[in-house]
S.K.: 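This is the structure I want to talk about, given as structure tokens.
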2 protein chains.
Amino acid sequence: MSAPAVRRTRAKRGSGDLLREEIVVAAKRLLAEADRADDVPMRAVADAVGVTTPSIYLHFADKQELLGAVVADVFGELDAAMVEAAAEETTPLGRLRAFGLAYVRFALDHPEHYRLAMLEPCPKPNIEIDEVLHSSAFSHMQSTVEECVAAGIFRGEPRAITFEMWAAAHGVAALMIAKPYLPFGTAEDFADRTLCAAAIGHAVRALVGDDPTPDAMTEWLGQQRS
Amino acid sequence: MSAPAVRRTRAKRGSGDLLREEIVVAAKRLLAEADRADDVPMRAVADAVGVTTPSIYLHFADKQELLGAVVADVFGELDAAMVEAAAEETTPLGRLRAFGLAYVRFALDHPEHYRLAMLEPCPKPNIEIDEVLHSSAFSHMQSTVEECVAAGIFRGEPRAITFEMWAAAHGVAALMIAKPYLPFGTAEDFADRTLCAAAIGHAVRALVGDDPTPDAMTEWLGQQRS
DNA sequence: CCGGATAAGTTAGCGACGCTAAGTTAGTGG
DNA sequence: CCACTAACTTAGCGTCGCTAACTTATCCGG
């Protein structure tokens with residue numbers, strides 16, 4: 001604990017930003033080992049980099065901002081995992097499913113990072129986060145939804161549909177992270193069932209009627225079954 | 001800030017538990033006004049009750065335990081809101097929808113309480129919390145799902161289906177709380193769309209096939225549309 | 001080669017936090 | 001009326017995020 005730590009050699013004149021990157025990497029690593037962001041003191045981050053605490057504040061206004069930088073990094077990683085998972089898929093719906101499963105898998109593989117990015121309150125709407133959010137993982141998902149709309153699988157506003165799918169994936173991930181001891185079954189099964197239901201459900205809702213009341217749904221299901 | 005606070009009169013001999021209840025109520029109120037549990041110091045709770053900080057530790061081992069007691073209370077309130085919302089509904093699916101909408105509504109009306117109960121890590125699986133979780137809101141939802149199964153609307157293991165519906169509702173609530181600035185539209189619309197899709201989707205999945213691949217789904221949808 | 005100017009750190013410490021050890025006050029059974 | 005103990009309080013420890021003020025190393029112009 002609290003190793004004396006090797007004092008790192010001072011950065012060259014022009015490039016104090018080297019430290020910034022080292023701090024983010026160290027913070028991300030320490031976060032992965034902790035249960036909560038509060039369990040990673042700034043002092044520990046400084047120690048891991050081989051520097052004293054106040055040096056961090058030369059690069060980040062406060063802890064929140066450092067965590068924000070980590071989150072931006074995490075979103076990049078999430079996007080990469082999703083894109084890779086969908087690379088082999090040849091159909092829009094197949095890609096969407098791969099995206100969703102990779103999303104949940106990533107969240108459960110990096111629960112602390114996911115919590116930080118998606119479960120923690122975001123005091124001042126972090127511009128850096130939302131840029132990433134809109135530019136990478138989310139926009140990839142949205143364009144796949146657009147493909148589904150173009151293919152006639154979905155109908156409606158792509159962004160709204162993307163939010164629906166995202167909510168389903170997020171619901172599974174957040175639930176399994178927050179209540180890991182509940183008998184959800186395997187993450188893959190739970191996620192696949194829920195995501196599949198979300199996709200089919202959206203596609204079918206248009207068939208049932210524009211404003212599907214519970215009664216209309218029940219009646220439609222009865223007709224289908226016969 | 002930090003009002004001197006009226007010193008409360010000492011409790012009678014037998015009933016130190018009076019203080020316990022006062023502490024929970026005060027903590028719950030302060031939590032509602034804060035963004036995060038960290039913004040509610042034990043000192044503030046003590047102050048609100050008119051007592052000094054160490055007195056709290058006569059009734060709760062630590063802050064976590066106090067928050068756990070608040071969460072137990074919150075789950076009770078959530079269940080009451082759900083039951084009330086579904087009271088007028090006459091069909092299983094109608095009740096399920098009312099439950100889901102009331103769930104999301106409650107979460108957004110009490111975001112700090114909901115975050116504490118469902119978004120915060122739960123270090124030692126809190127027995128008190130999970131008893132409530134299993135006994136009230138969740139079990140009400142599950143028995144409605146059972147009704148849907150009995151009515152032939154759903155098919156499968158009720159508990160697993162309940163988890164699916166819960167994930168959908170939780171996804172909407174958690175997303176809107178964590179990223180309130182994103183253009184989800186109104187909570188009612190977003191929740192209704194997502195929950196409706198989850199319900200229809202689950203019901204329809206059985207019609208598509210036992211193991212619905214994206215391709216099978218696409219094909220089935222094509223048939224339905226013609 | 002050298003002597004500011006300044007980037008890149010450090011030392012020391014403030015106030016707030018969760019929590020605890022040890023003391024104090026007030027009802028109550030004998 | 002007194003000993004006992006439930007129901008508190010006073011004082012303070014260690015840790016946290018963060019800051020003011022000092023120090024050191026590098027670069028650049030002469």
Side-chain angles (χ1 to χ4, degrees), chain A residues 1-24 26-27 30-31 34-70 116 120-121 123-124, chain B residues 1-24 26-27 30-31 34-70 116 120-121 123-124:
Chain A
M1 288 294 168
S2 82
V6 191
R7 180 160 301 173
R8 119 196 169 103
T9 59
R10 182 197 283 242
K12 293 276 161 143
R13 207 79 193 291
S15 53
D17 284 346
L18 289 181
L19 179 55
R20 188 192 148 96
E21 200 51 38
E22 287 183 50
I23 292 171
V24 172
L30 291 172
L31 244 5
D35 279 351
R36 304 163 50 241
D38 288 348
D39 291 344
V40 179
M42 295 296 265
R43 284 164 168 88
V45 176
D47 236 46
V49 180
V51 102
T52 58
T53 316
S55 293
I56 297 182
Y57 292 92
L58 297 174
H59 299 279
F60 303 94
D62 52 17
K63 187 173 185 177
Q64 191 65 227
E65 199 172 297
L66 167 57
L67 295 179
V70 172
L116 198 62
E120 220 69 12
K124 22 183 159 178
Chain B
M1 290 292 170
S2 83
V6 191
R7 180 160 301 176
R8 117 197 170 103
T9 58
R10 183 195 283 242
K12 292 276 160 141
R13 207 78 193 293
S15 53
D17 283 345
L18 288 182
L19 178 54
R20 188 192 148 97
E21 201 49 38
E22 287 183 48
I23 291 171
V24 172
L30 290 173
L31 244 5
D35 279 351
R36 306 162 48 241
D38 289 348
D39 291 344
V40 179
M42 294 295 263
R43 285 164 167 89
V45 176
D47 236 47
V49 180
V51 103
T52 59
T53 316
S55 294
I56 297 181
Y57 292 90
L58 298 173
H59 300 278
F60 303 93
D62 52 19
K63 186 174 185 177
Q64 192 64 229
E65 200 172 297
L66 167 56
L67 296 179
V70 172
L116 199 61
E120 219 70 13
K124 23 184 159 180

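In the text below, chain A, chain B and the rest are named by the order of the sequence lines, each starting its count at 1. Below, each value reflects all heavy atoms present in this structure, side chains not excepted, and no hydrogens, waters or symmetry copies.
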S.K.: Using whole Å, report how far NE2 of B/H59 lies from P of D/dA7.
M.R.: 7 Å
S.K.: Could you work out which one of D/dC8, C/dT10, C/dG18 sits closest to the side chain of A/V51?
M.R.: C/dT10
S.K.: Of the nucleotides D/dT9, D/dG17, C/dT20, which one has an atom closest to the side chain of B/Y57?
M.R.: C/dT20
S.K.: How long is the line joining NZ of B/K63 and P of C/dC19, in whole Å?
M.R.: 8 Å
S.K.: Atom CD1 of A/I56 to atom P of D/dG17: distance rounded to whole Å?
M.R.: 9 Å
S.K.: D/dC16 P sits how many Å from B/R36 CZ, rounded?
M.R.: 16 Å
S.K.: So, is A/S55 close to the C/dT10 phosphate, meaning a side-chain N or O under 4.0 Å from OP1 or OP2?
M.R.: yes
S.K.: Tell me, do A/V40 and A/L67 make a side-chain contact under 4.5 Å, heavy atoms counted?
M.R.: no
S.K.: Out of A/V45, A/V70, A/V51, A/L58, which one pairs with A/I23 under the side chain to side chain contact (heavy atoms under 4.5 Å, CB included) rule?
M.R.: A/V45
S.K.: Over how many whole Å does the gap from B/F60 atom CZ to C/dT20 atom P extend?
M.R.: 15 Å
S.K.: Rounded to whole Å, please give me the gap between CE in A/M42 and C1' in C/dC14.
M.R.: 17 Å
S.K.: Map B/R43 and A/T53 onto DNA chain C by nearest heavy atom, then report which one ends up closer to the 5' terminus.
M.R.: A/T53
S.K.: Applying the side chain to side chain contact (heavy atoms under 4.5 Å, CB included) criterion to B/R43, which one of B/T53, B/T52, B/I56 satisfies it?
M.R.: B/T53
S.K.: With sugar-phosphate meaning primed atoms plus P, OP1 and OP2, does B/P54 contact a base, only sugar-phosphate, or nothing at under 4.0 Å between heavy atoms?
M.R.: base
S.K.: Taking all non-hydrogen atoms of both residues into account, name the closest pair between B/K63 and B/A37 and its distance.
M.R.: NZ-O, 3.1 Å
S.K.: Could you give the CG-to-C1' distance, from B/L58 to D/dA6, as a whole number of Å?
M.R.: 9 Å
S.K.: To the nearest angstrom, how far is B/R10 atom CZ from D/dT5 atom P?
M.R.: 16 Å
